[in-house]
Protein chains: 2
Amino acid sequence: MSEVKSSPPPAGGSTRARRKEDARARILAEARRIVLDQGFEALTMRRIAEAAGYSAAALYLHFENREAIARELGEAGMRALLDALAEAGKTVDPLQRLKALGLAYAAFGRAEPETYRLIFMEPGFAATALGGKDAAGAAAFALIGGVFQDLATAGRLRDGLDIESLALTFWIVLHGMVSLKLTCSAFLVASEEDLLATALDNLLHGALRPNREP
Amino acid sequence: MSEVKSSPPPAGGSTRARRKEDARARILAEARRIVLDQGFEALTMRRIAEAAGYSAAALYLHFENREAIARELGEAGMRALLDALAEAGKTVDPLQRLKALGLAYAAFGRAEPETYRLIFMEPGFAATALGGKDAAGAAAFALIGGVFQDLATAGRLRDGLDIESLALTFWIVLHGMVSLKLTCSAFLVASEEDLLATALDNLLHGALRPNREP
DNA sequence: GTCTATAATCCGATAGAC
DNA sequence: GTCTATCGGATTATAGAC
């Protein structure tokens with residue numbers, strides 16, 4: 001009755017609120033472990049509960065349902081991707097930054113394939129997460145956009161190129177590379193480094209000989 | 001006893017063999033319908049059986065298990081993709097052919113998103129299908145490789161470019177475009193035509209100004 | 001060849017005891 | 001808060017009658 005039950009626990013709240021937060025965090029951590037180890041389809045309430053040392057019913061005290069857990073995992077994954085890109089994003093030279101961002105993106109996909117799959121290859125998640133208020137996804141994309149903005153400012157881009165379209169194209173290349181590597185690894189034998197180097201080289205300099213107007 | 005029971009029915013066999021083949025075909029057709037309408041995860045033996053007018057148990061007389069049906073669907077899907085690319089592959093001019101192939105590929109992804117997902121985005125299928133004896137997948141990729149082979153023969157490529165790598169890069173762009181369109185459509189608002197035009201323009205001519213050696 | 005019936009599991013989610 | 005027990009459903013696959 002006297003307990004204030006407003007939204008999320010007011011940072012550093014009572015012991016009770018802290019315990020509740022700990023339980024939430026432990027559940028999410030085990031859920032993440034399951035996705036990483038066994039894939040998203042293995043994420044069931046029973047499995048999460050067992051891993052976290054709870055009964056399945058207890059999970060519903062901390063999360064509305066299974067989807068809520070999956071959603072939080074996806075959002076955390078998107079933040080993890082942003083973190084993975086942060087260091088590369090500090091590179092001063094735009095072209096080197098572009099390469100560093102590409103390598104970091106590819107490394108993330110290789111290090112956490114199931115997280116990547118959850119974020120970008122699972123139906124229903126990315127569609128809402130990216131378009132909505134998800135700051136992490138937008139910030140990650142902005143890192144790429146910044147490169148082409150800087151290139152444009154430096155006058156290094158051909159005339160008539162749209163920065164947004166260039167950033168999108170670059171992201172498309174990165175995603176195509178990472179996702180094909182996940183599903184068709186047997187066919188895509190080249191390393192991400194080589195694939196990225198080829199893609200970047202062609203995107204930036206073009207595959208055709210310059211001495212002719214097509 | 002006297003019935004020869006060797007492997008697949010010897011084309012145009014007995015009435016009995018034909019009937020059996022018809023049943024197989026009907027089951028596969030209904031399975032395809034389910035994937036197209038409700039997605040791959042909705043492909044269950046019960047649903048297939050109901051749609052085909054059989055009991056679930058009867059399916060096991062024609063297919064070893066659910067995975068066998070999914071595998072055949074995937075192989076048929078890969079052949080459908082090859083068919084969808086065939087017309088564009090006849091374009092004489094290599095650059096126009098590249099654009100036509102890209103548009104046809106994107107159109108296939110849009111027309112049969114669930115087939116595309118089954119082939120290239122579902123874990124476990126593409127990995128084996130492309131690397132193995134699947135002629136359709138290899139033939140489809142060869143259509144792309146042929147373009148760059150022709151460009152090389154015509155002396156239109158920059159020096160030092162590897163044809164295989166170029167083809168791979170182009171496929172990566174196409175797959176990145178189609179698959180992101182499927183999962184992040186809310187974020188990827190541009191049309192496939194525009195996306196492809198931008199990607200092709202940059203891949204072929206480069207984003208950087210030509211008048212400087214980086 | 002096709003059916004009904006069923007085994008053996010798994011799932012998400014809830015009720016109610018403590 | 002956490003548990004046990006359970007509901008109501010789903011799944012693949014098989015056994016045995018016809």
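Lettering of chains follows the sequences in order, A, B, ..., and the numbering in each one begins at 1.
- Annotation: A:R110, atom CZ; neighbour count of heavy atoms from other residues, nucleotides and ligands within 6.0 Å is above 12.
- No salt bridge links A:E122 with A:R117; every basic N to acidic carboxylate O contact stays at or beyond 4.0 Å.
- Extent of DNA chain C lying under 4.0 Å from chain B heavy atoms, first and last nucleotide in 5' to 3' order, is C:dG1 to C:dT4.
- Applying the side-chain contact (heavy atoms from CB on, under 4.5 Å) test between B:R97 and each of B:D150, B:L151, B:I144 identifies B:D150 as the sole match.
- Comparing the start and finish of the helix from C:dG1-D:dC18 to C:dC18-D:dG1, five pairs each, the helix axis swings through 10°, to the nearest 10 degrees.
- Between the C1' atom of D:dA13 and the CD1 atom of B:I48 lies a distance of 13 Å, rounded to the nearest Å.
- If you check every strand for non-hydrogen atoms under 4.0 Å, A:R46 touches a base.
- Electrostatic pairing of B:E30 and B:R47 does not count as a salt bridge here, judged by no charged N lying under 4.0 Å from a carboxylate O.
- In summary, the aromatic rings of B:F141 and B:F170 are positioned with their centroids too far apart to meet the 6.0 Å limit.
- Separating the OH atom of A:Y60 from the P atom of D:dC7 is a distance of 17 Å, rounded to the nearest angstrom.
- For CD of A:E193, the number of neighbouring non-hydrogen atoms (other residues, nucleotides, ligands) closer than 6.0 Å is greater than 12.
- When rounded to the nearest whole Å, the span between CZ of B:R66 and P of D:dT14 equals 15 Å.
- Shown here are the side chain to side chain contact (heavy atoms under 4.5 Å, CB included) partners of B:L143, two or more places apart in sequence or in another chain: B:L82, B:L85, B:L101.
- Listed for the B:R66 side chain is a donor-acceptor partner under 3.5 Å among the backbone atoms of B:L43.
- With B:K99 contributing its side chain and B:L196 its backbone, the two residues share no donor-acceptor pair below 3.5 Å.
- Residue B:A57 is in base contact, counting any heavy-atom pair closer than 4.0 Å across all strands shown.
- In this structure, CD of B:Q38 is placed 11 Å from P of D:dT11, rounded to the nearest angstrom.
- Note: CZ (B:R47) to P (D:dG9) measures 15 Å, nearest angstrom.
- Across all strands shown, A:S55 has heavy atoms under 4.0 Å from base atoms, whether or not it also approaches the sugar-phosphate.
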